[in-house]
Amino acid sequence: MLKLLAKIQAYAMNERGATAIEYGLIAAGIAVGISVVVFAFGDDLADLFDDMGTAVAERPA
């Protein structure tokens, strides 16, 4: 019985993989942040790059 309790306690105290989960959560947070920025400013950025492309195309050679 003590051996079973020791195994259960060792399993509960095991922190292997915790760092990987933390890095995964950080990566997911960054991905969500990038998505929010792209959806919020995507049209404005597209317009900006279109304007810049037009200005470069119309400049004298």
Side-chain angles (χ1 to χ4, degrees):
M1 184 70 175
L2 287 176
K3 190 174 184 180
L4 178 63
L5 289 175
K7 284 187 177 186
I8 292 171
Q9 184 179 14
Y11 180 76
M13 299 297 284
N14 187 358
E15 293 187 7
R16 262 184 29 198
T19 302
I21 292 171
E22 291 169 357
Y23 283 128
L25 290 172
I26 291 170
I30 291 170
V32 168
I34 290 171
S35 297
V36 167
V37 169
V38 167
F39 282 117
F41 300 110
D43 293 334
D44 294 335
L45 287 173
D47 292 340
L48 175 68
F49 284 117
D50 286 340
D51 293 343
M52 288 173 35
T54 303
V56 167
E58 292 177 351
R59 69 181 171 90

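As the structure is a prediction and not an experimental result, all values here were calculated from the model.
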Please output the side-chain donor-acceptor pairs of residues 30-58 that fall under 3.5 Å, not counting sequence neighbours, one pair per line with the distance.
{"from": "Ser35", "atom 1": "OG", "to": "Ala31", "atom 2": "O", "distance (Å)": "2.9"}
{"from": "Thr54", "atom 1": "OG1", "to": "Asp50", "atom 2": "O", "distance (Å)": "2.9"}

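As a member of the Ile/Leu/Val/Met/Phe/Trp/Tyr network built from side-chain separations under 4.5 Å, Ile8 groups with Leu4.
With rounding to the nearest 0.5 Å, the separation of CD1 in Ile26 from CD in Glu22 is 7.0 Å.
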